[in-house]
Structure formats: C-alpha cells, structure tokens
Amino acid sequence: MRLSTLFGRTLREVPADAEVISHQLSLRAALIRQVAAGIYSYLPLGWRVLRKIEQIMREEMDAADGQEMSMPVVQPAELWRATGRYDAPAPGPALLRFKDRGEHEMVLGMTHEEVVTALAKLEIDSYRQLPLMVYQIQTKFRDEPRSRGGLIRVREFIMKDGYSFHTDAASLDEYYPRIYQAYINIFKRCGVQAIPVEADSGIMGGSASHEFMVLSEMGEDTLILCEHCGYAVNAEKAQFAKGAAESSAVLPLEKVATPGTSSIQAVAAYLGVPERQTLKAVFMSDPEGKVVFALIRGDLDVNPVKLSNALGGVELHASTAEELKRVGIVAGYASPIGVKNVRVIADDSLTSGTNFVAGANEAGYHMKNVNYPRDFTVDLVTDIAIARSGDPCERCGQPLQAKRGIEAGHVFKLGTKYSAKVGATFLDKDGSAKPLVMGCYGIGAGRLLACIIEQNHDERGIVWPRSVAPFQVHLVSLGTNNPVVVEAADVLYQKLMSVGYEVLYDDRQESAGVKFNDADLIGIPVRLTISKRTLEKTSVECKLRWDDTVELVAQSDLEAWLVTIFA
RNA sequence: CGGGGUGUAGCGCAGUACGGUAGCGCGCAGCGUUUGGGACGCUGAUGUCGGAGGUUCAAGUCCUCUCACCCCGACCA
C-alpha cells in the first residue's frame with residue numbers, strides 16, 4: 001500500500017473529544033473515525049488490524065472444534081419474547097427496537113442466544129450430534145445509555161461470539177476449559193495481558209462465568225486479586241473474610257441520644273465503639289419504587305450486585321427521600337427494629353457478635369445492645385458485602401488487592417436457561433427429550449483492539465505487536481525528488497511484496513521528520529529507510545518500532561534479516 | 001435520566017464581558033527552493049459561526065427553544 005493513496009490521514013493534533021490514550025491514538029493513526037456517539041467507521045488501517053484480530057480468534061475457535069457461521073443483526077421481536085428478554089427490565093432499553101414496513105416488531109441483536117438457540121432447535125435432534133460449538137464474528141448493537149473512551153465502550157461493535165451445545169452439564173464442564181484456554185491463547189497472541197476472573201453472570205444467567213480482564217486504569221470494572229493464593233474475581237462477586245464482631249453477654253436494649261450522628265463514622269466516634277460494633281442500613285428501591293432495606297455491619301459496605309442477585313436479579317437504584325418517607329424510614333437513623341413495609345436483607349456479618357449499635361428510627365437517637373435475632377427479624381440473611389482493597393482473602397487470609405480492568409472477554413455456562421424457554425431439545429440415549437445444555441463465549445473485537453493499544457504504545461504512538469500490525473513493514477523513502485532513490489524504493493517495495501510481506505510504502509513528497517513521525521504514530525513493527533545515504537552503501541536502514549537503535553543492513557542480506565524478525 | 005462542559009474552515013483554537021465587513025496556527029491547492037526527525041518563500045481556496053425562532057438599522061456576540069458531542073454519575077452481556 002502506498003501511503004500517498006491511503007484512505008485516511010494521520011492527525012498531528014489530538015482531537016479534543018478524545019481523552020483515553022487508545023482513543024487518541026486510534027484517531028491520530030487513522031484507524032477509526034466517529035460517526036455518532038459510540039458508533040465508528042474503521043478506516044483501512046484500523047480494519048486491517050481488526051481483521052488480524054479476527055483471524056487469531058478464528059484460528060483459536062477452530063482449534064477448539066468451533067464451526068464458523070453467521071447470524072443476522074436484525075431479528076424478530078418474537079424470538080426475544082420467547083426467552084422473556086423482550087419485556088424484562090434488563091436489557092430493557094439497551095435492546096433497540098423498531099418496526100419494519102410490514103409493522104413487524106424487530107430488534108437489533110445485542111447478542112445471539114435467541115437466534116442460535118432457535119437454530120439449534122431446528123438442527124439438533126439427537127445426542128449423537130453433540131457436543132458442538134458454533135461461532136461467528138458479527139456486529140452487535142447495544143443502545144448503551146452512555147458510550148465512552150473511543151472503542152472501549154461503544155454501541156455498535158463487532159464481537160466474536162460462540163455457543164456450545166451439550167447433552168449434560170458434565171459435557172459442558174469438560175468443554176468449558178478448552179474455550180477458557182483458547183481465550184488465554186487469543187489474548188496472548190494479540191499481545192495483551194488479560195487476567196481471567198470469576199464473574200457475575202448478570203442478565204445472561206447461568207451457573208458459572210469468567211471474565212478476561214485487561215488491567216487498565218481506564219477500566220470500568222474492579223477486580224479483586226489475591227497475590228498469595230491466586231484468587232481472582234470481579235468485585236461484584238468477590239468474597240472475603242469478614243471476621244467477627246465482639247461477643248459478650250447480651251445486654252438489654254437501650255435507647256441513647258446521639259445528636260448529629262447520621263453516619264456510621266460519627267455514631268461510632270460519639271459512642272466510643274468500633275465501627276464493626278454498629279449496624280449500617282442501606283436503602284435501595286426497585287423500578288416500582290418498592291424499598292429494600294439492606295442491613296450490614298458498620299465497617300462493611302453493601303455490594304449492589306450481590307443485593308440484586310439476592311432478590312432474584314431485580315434492578316435497583318438508591319432509594320429517593322420520597323420513597324423512604326413513604327415507608328416511614330428516617331434516613332441516617334434507620335433501624336431494623338420494628339421496621340415495616342419493606343423487605344429486609346441482612347448481610348451474614350451480623351449473625352456473629354453481640355450488642356450492636358443501630359438506629360432508633362428517630363432523628364438524633366440510636367439503640368445500643370441490639371442483638372439478632374432477639375430484637376429484629378429479617379427476610380433473608382446472605383452475603384451482600386463488597387470486597388475492598390486490603391480485606392482478607394476468604395481462602396488464605398492474605399490481604400486482597402483491588403485493581404481496575406477492562407472486560408475484554410466473557411465466557412458463561414448458560415445451562416438450559418435459553419434452550420428450555422425456546423424448546424430446543426434433543427433425544428438422549430434413553431429416548432427422552434431433554435433441553436440442550438449451553439455455554440456461550442464472547443470477545444469484543446474493537447474493544448480488544450483498544451486494549452492492545454492501551455498496553456502497546458509509547459509517547460510517540462502505537463507499538464503494534466507483530467501479530468496484529470496492519471502491515472509488517474513500513475518502507476520510508478527519503479528524497480523523493482531524487483529519481484535514483486525513488487527507483488530503488490519502488491524496486492524494494494515490489495520485491496518485499498513479491499516475497500509475501502505486507503508493506504506500507506511512504507512514497508509521499510514529505511520531509512523526513514513528517515515521515516518518521518507518522519511511522520512512529522502508526523506503529524508498524526519494522527521500519528525500513530531508503531535514501532541517498534543508504535544507497536551509497538547499497539544497504540537499507542532497519543529499525544524496530546520498540547527499539548531505539550537503527551541498523552544498516554546490506555540489501556543482499558535484507559530478506560534474511562526480515563526472516564529473523566518475523567520468525 | 002441527573003450534574004458539568006463544548007459546538008466558529010479538514011484539525012487545534014481566538015473572537016462572545018461592551019452587537020458594527022469572520023480571524024490565527026496546522027492542514028489543503030499552485031509555483032519555486034529544500035530532503036535524515038513534524039522545512040522555507042510567494043500565491044490561493046475553503047465557513048449557512050450546530051439548527052430554528054426572536055430583539056435590533058445591524059447578531060458569531062443579546063433572548064427563547066432545539067440538536068449534537070464530550071466528561072462525571074446512574075446504567076452496562
């Protein structure tokens with residue numbers, strides 16, 4: 001490809017809208033251009049990278065016995081009604097809906113469980129056909145409330161999504177690690193370090209799932225890691241050792257005046273007790289405004305995802321003052337004692353320890369010596385606490401670390417959630433019809449591209465890993481007014497291509513500075529320079545993008561030199 | 001959906017307090033000189049100042065409405 005005719009130009013200045021480094025570089029290096037919020041075009045350079053990423057995913061999926069196929073982006077609403085997701089609160093408005101000219105309700109696919117399960121119902125009859133895995137590399141559309149960070153969080157994106165079908169859970173359990181390993185291979189081959197963590201399965205449902213997280217301050221997820229024992233988990237799901245509050249002889253309930261102490265910190269200090277001897281009340285409401293009272297030991301915080309899961313996955317928001325008033329709760333002094341009209345979900349941290357301080361449901365007053373279950377009852381006791389940096393690991397007791405990460409891939413054991421609803425069954429050996437047991441596996445291609453840049457750049461630009469670089473060789477000719485140089489560069493360009501290299505040839509009439517800066521920005525692994533100077537020595541100047549040194553290589557040795565780089 | 005911000009040439013920005021002929025840098029086109037880290041000179045083109053109303057002799061600037069985009073939060077397979 002001659003740079004003089006490449007569609008898409010590099011930008012010298014950072015576009016004002018881009019804050020994230022991968023966003024800035026993908027715009028400046030002419031990989032992508034924005035069309036609307038969270039919707040991008042890929043320019044030729046970006047598309048070449050994306051295709052390389054896709055090819056790596058394809059090879060790893062094929063190696064895991066996957067069969068590539070393609071399913072539509074536009075899907076009938078009835079498929080989504082069948083699984084209940086059309087009307088469910090989640091995904092809700094993220095599922096873009098519209099009508100075609102025949103007034104049929106349609107959606108833009110945000111994932112393909114519905115379509116693939118319907119296909120499986122059609123095509124799979126017998127256990128003899130199982131297990132199998134199909135995958136596609138296809139556009140998804142999710143009408144996110146807010147896109148951000150360039151390609152990191154978008155509305156329209158290309159995803160590699162795979163679906164496996166099994167006779168039973170044991171078969172899925174056996175297959176799942178192969179995909180897990182394939183994912184590790186994919187990220188490694190793409191030059192990104194991704195950490196697999198245990199994850200919450202969210203609206204996808206299912207029994208187990210893992211996310212592949214790329215460490216980045218930009219990340220929207222928090223991971224909890226234990227360096228000591230290797231426990232790695234999304235904070236949404238992380239468990240930790242909570243320890244126990246003090247236990248002593250149970251004392252009689254006592255109401256005390258605690259003016260101006262609407263926070264745990266304040267009331268603990270006022271009464272001279274540790275925070276872990278207090279009970280904290282947190283209120284969240286469902287979409288209908290019904291208040292949930294979450295009760296947890298004062299030194300811990302509520303994890304909204306765990307709380308939501310404890311309630312069967314309902315959507316929750318922080319309760320408004322109005323919602324609290326309606327059920328007679330005094331914010332800041334709320335008490336589990338005598339509370340009515342709300343569901344009380346308690347963290348298991350309050351089942352050990354005695355004589356806690358809790359609110360009196362009256363401004364300016366708390367209760368001392370509150371004991372469960374003597375003084376109050378709850379609807380459910382479970383783990384609803386969020387793990388924080390420094391909390392002890394539940395498995396080994398060592399301190400946990402919290403880090404930010406970008407979710408680059410996600411694998412789920414779905415079980416029969418979709419197949420049962422769609423009626424996708426097969427006949428087992430014993431002649432009985434059983435729902436297919438499913439797994440699903442996704443990686444966002446564009447997000448992965450952004451992650452690659454996040455982890456592979458320097459102050460001058462992108463430093464592509466060889467595996468995904470848009471071209472292998474960036475050929476720079478200096479002195480385009482010198483016919484001898486032009487001729488030599490043209491010959492080298494043709495020769496490199498004839499032996500199979502992907503070459504970006506900077507044949508523009510630009511100064512050396514412009515050409516070198518663009519080469520650094522675009523980040524192709526090998527830079528070859530041809531000039532009057534190199535020709536005098538019948539050599540080519542060679543430089544690797546990740547290395548500062550340049551090397552003169554005799555023209556006759558160039559091919560051998562390149563072989564060592566791409567070996 | 002709440003809070004904050006920005007829309008002026010392809011990109012980055014000034015001009016808006018106080019209304020009076022729309023500017024700068026880069027980029028782009030032509031000519032010439034340059035050619036190893038974002039060269040130089042000369043000449044030139046490009047704007048419905050996001051949009052619609054309004055006030056005024058006169059609006060990029062004032063008023064009203066509206067749209068788009070960015071950031072924080074809510075949300076998120």
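Below, each value reflects all heavy atoms present in this structure, side chains not excepted, and no hydrogens, waters or symmetry copies. Please read all numbers here as calculations on a predicted model, not as lab measurements.
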Participant: Toward the 5' end of RNA chain B, which comes first, A:V35 or A:V14, by nearest nucleotide?
Facilitator: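 Closest to the 5' end, via its nearest nucleotide, is A:V14.
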
Participant: With C1' as the reference atom in both, quote the distance from B:G30 to B:G38 in angstrom, rounded to an integer.
Facilitator: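 Each nucleotide's C1' atom is 22 Å from the other's.
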
Participant: Roughly how many Å apart are B:G44 and B:G54, using the C1' atom of each and rounding to a whole number?
Facilitator: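 The answer is 39 Å between these two C1' atoms.
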
Participant: Would you kindly give the CZ-to-P distance between A:F141 and B:C76, to the nearest whole Å?
Facilitator: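 To the nearest whole Å, that distance equals 17 Å.
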
Participant: Going by distance alone, is a donor N or O of one side chain under 3.5 Å from an acceptor N or O of the other, for A:T83 and A:E114?
Facilitator: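 The answer is yes; a qualifying pair exists.
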
Participant: Hunt down the Watson-Crick or G-U wobble partner of B:G2, both distances under 3.5 Å, from any strand shown, or write none.
Facilitator: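 Looking at the geometry, B:G2 pairs with B:C72.
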
Participant: Looking at RNA chain B, which of residues 71-78 of chain A put a heavy atom within less than 4.0 Å of it?
Facilitator: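 By residue number: none to list.
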
Participant: Would you mind pulling out the nucleotide paired to B:G32, Watson-Crick or G-U wobble, both distances under 3.5 Å?
Facilitator: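 Across all strands, the one nucleotide that pairs with B:G32 is B:C40.
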
Participant: Check A:R2 with A:D490, please: is the shortest side-chain N to carboxylate O separation under 4.0 Å?
Facilitator: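 Yes, this pair counts.
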
Participant: Taking only residues two or more places apart in sequence, or in another chain, which ones meet A:R81 in a side chain to side chain donor-acceptor pair (under 3.5 Å)?
Facilitator: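 With sequence neighbours excluded, A:R81 shows a side chain to side chain donor-acceptor pair (under 3.5 Å) to A:E105, given in chain and number order.
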
Participant: Using a heavy-atom cut-off of under 4.0 Å over every strand shown, decide if A:P145 touches base, sugar-phosphate, or nothing.
Facilitator: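 Base contact.
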
Participant: What pairs with A:H410 under ring pair (Phe, Tyr, Trp, His ring centres under 6.0 Å), at least two apart in sequence or on another chain?
Facilitator: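 A:H410 satisfies ring pair (Phe, Tyr, Trp, His ring centres under 6.0 Å) with A:F412 only.
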
Participant: Does B:G7 have a Watson-Crick or wobble mate here (both distances under 3.5 Å), and if so which one?
Facilitator: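 Result: B:C67.
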
Participant: Would you list the protein and nucleotides 31-38 of chain B atom pairs, both N or O, that sit under 3.5 Å from each other?
Facilitator:
from	atom 1	to	atom 2	distance (Å)
B:U35	O4	A:N481	ND2	3.2
B:G36	O2'	A:R533	NH2	2.9
B:G36	N7	A:S531	OG	3.2
B:G36	O6	A:S531	OG	2.4
B:G36	N1	A:E541	OE1	2.7
B:G36	N2	A:E541	OE1	2.1
B:G36	N2	A:E541	OE2	2.8
B:G37	O4'	A:G513	N	3.3
B:G37	O6	A:R527	NH1	2.7
B:G37	O6	A:R527	NH2	3.3
B:G37	N1	A:D520	OD2	3.0
B:G37	N2	A:R460	NH1	2.5
B:G37	N2	A:N517	OD1	3.2
B:G37	N2	A:D520	OD2	2.4
B:G38	O4'	A:N517	ND2	3.4
B:G38	O6	A:R28	NH2	3.3
B:G38	N2	A:D518	OD1	3.4

Participant: If B:C62 has a Watson-Crick or G-U wobble mate with both distances under 3.5 Å, name it; if not, just say none.
Facilitator: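 B:G54 - that is the nucleotide pairing with B:C62, both distances being under 3.5 Å.
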
Participant: Quick one: look up who B:A22 pairs with, Watson-Crick or G-U, both distances under 3.5 Å, and put none if it's unpaired.
Facilitator: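 Here B:A22 is not engaged in any pair, so there is no nucleotide opposite it.
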
Participant: Measure from the side chain of A:A16, starting at C-beta and using heavy atoms only, and say which of B:C71, B:C13, B:C70 lies closest.
Facilitator: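 Looking only at heavy atoms from C-beta outward on A:A16, the closest nucleotide is B:C13.
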
Participant: Please state the P separation for the pair B:U16 and B:U21 - nearest whole angstrom.
Facilitator: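 About 13 Å, rounded to a whole number of Å.
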
Participant: Where the side chain of A:W561 meets the backbone of A:A554, is there a donor-acceptor pair that is under 3.5 Å apart?
Facilitator: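 Such a contact is absent between A:W561 side chain and A:A554 backbone.
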
Participant: Going by side chain to side chain donor-acceptor pair (under 3.5 Å), name the pairs with one or both residues in residues 16-33 of chain A, residues two or more places apart or in two chains.
Facilitator: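 As it turns out, the side chain to side chain donor-acceptor pair (under 3.5 Å) pairs with a partner in residues 16-33 of chain A, which skip direct neighbours, are A:S22-A:E454, A:H23-A:Y40.
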
Participant: May I ask you to say what A:Y441 touches in the nucleic acid, namely base, sugar-phosphate or nothing, with a heavy-atom cut-off under 4.0 Å?
Facilitator: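 If one applies the 4.0 Å heavy-atom cut-off, A:Y441 turns out to touch nothing in the nucleic acid.
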
Participant: Take atom NE2 of A:H317 and atom P of B:C75, then tell me their distance rounded to the nearest Å.
Facilitator: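 Taking atom P of B:C75 as the reference, NE2 of A:H317 is at 10 Å.
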
Participant: Test of understanding: with salt bridge (charged side-chain N to carboxylate O under 4.0 Å, His left out), list the residues that count as partners of A:R533, not counting sequence neighbours.
Facilitator: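 With neighbours one apart ignored, the set is empty.
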
Participant: Tell me, please, which residues at least two apart from A:T549 pass side chain to side chain donor-acceptor pair (under 3.5 Å).
Facilitator: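 So A:T549 forms a side chain to side chain donor-acceptor pair (under 3.5 Å) with A:D547.
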
Participant: Does A:H23 or A:P304 map to a spot on RNA chain B nearer the 5' end, using the closest nucleotide for each?
Facilitator: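 Result: A:H23.
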
Participant: Using atom P in both nucleotides, what's the gap between B:G20 and B:G3 to the nearest angstrom?
Facilitator: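 About 33 Å, rounded to a whole number of Å.
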
Participant: Who is the Watson-Crick or G-U wobble partner of B:G47, with both distances under 3.5 Å?
Facilitator: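 Answer to the pairing question: none, since B:G47 forms no Watson-Crick or G-U pair.
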
Participant: Determine the interatomic distance between P on B:C11 and the same-named atom on B:C49; round to the nearest Å.
Facilitator: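 The same atom, P, in both gives a distance of 16 Å.
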
Participant: Closest approach to the side chain of A:R9, judged atom by atom: which nucleotide of B:G27, B:C70, B:C71 is it?
Facilitator: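 Given the options B:G27, B:C70, B:C71, the side chain of A:R9 is closest to B:G27.
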
Participant: With A:S41, which residues qualify under side chain to side chain donor-acceptor pair (under 3.5 Å), at least two apart?
Facilitator: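 Testing A:S41 for side chain to side chain donor-acceptor pair (under 3.5 Å), a comparison that skips the adjacent residues, returns none.
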
Participant: Please determine, for the side chain of A:E144, which listed nucleotide (B:C76, B:G12, B:C71) has the closest atom?
Facilitator: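 From the listed options, B:C76 comes nearest.
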
Participant: Write down the distance between CG (A:L316) and C1' (B:C75), rounded to a whole number of angstrom.
Facilitator: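 The distance from CG of A:L316 to C1' of B:C75 comes to 12 Å, rounded to the nearest Å.
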
Participant: In the strands shown, is B:A14 matched to any nucleotide by a Watson-Crick or G-U wobble pair with both distances under 3.5 Å, and which?
Facilitator: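 Matched B:A14 with nothing under the 3.5 Å cut-off.
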
Participant: Within residues 211-221 of chain A, which residues have any heavy atom lying less than 4.0 Å from an atom of RNA chain B?
Facilitator: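 Those residues: none at all.
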
Participant: Using the C1' atom on both, measure B:U33 against B:A14 and round to a whole Å.
Facilitator: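 Between the two C1' atoms, the distance is 33 Å.
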
Participant: Once side chain to side chain donor-acceptor pair (under 3.5 Å) is applied, do any residues pair with A:R404, and if so which ones, sequence neighbours excluded?
Facilitator: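 In terms of side chain to side chain donor-acceptor pair (under 3.5 Å), with neighbours along the sequence ignored, A:R404 is linked to A:T222.
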
Participant: Only pairs at least two apart or in different chains count here, so list each side chain to side chain donor-acceptor pair (under 3.5 Å) that has a residue in residues 514-525 of chain A.
Facilitator: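 The answer is A:T10-A:D518, A:R460-A:N517, A:R460-A:D520, A:R508-A:D518.
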
Participant: Using side-chain contact (heavy atoms from CB on, under 4.5 Å) as the criterion, list what pairs up with A:R148, not counting sequence neighbours.
Facilitator: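 side-chain contact (heavy atoms from CB on, under 4.5 Å) list for A:R148, sorted by chain: A:R146, A:R153, A:E220.
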
Participant: Expressed in whole Å, how much space separates the P atoms belonging to B:G4 and B:A17?
Facilitator: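 B:G4 and B:A17 have their P atoms separated by 23 Å.
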
Participant: Syn or anti: how is B:A17 classified when any glycosidic angle within 90° of 0 counts as syn?
Facilitator: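 With its glycosidic angle within 90° of zero, B:A17 counts as syn.
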
Participant: Say we look at B:U8 and B:U48: how far apart would their C1' atoms be, to the nearest angstrom?
Facilitator: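 Their C1' atoms lie roughly 12 Å apart.
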
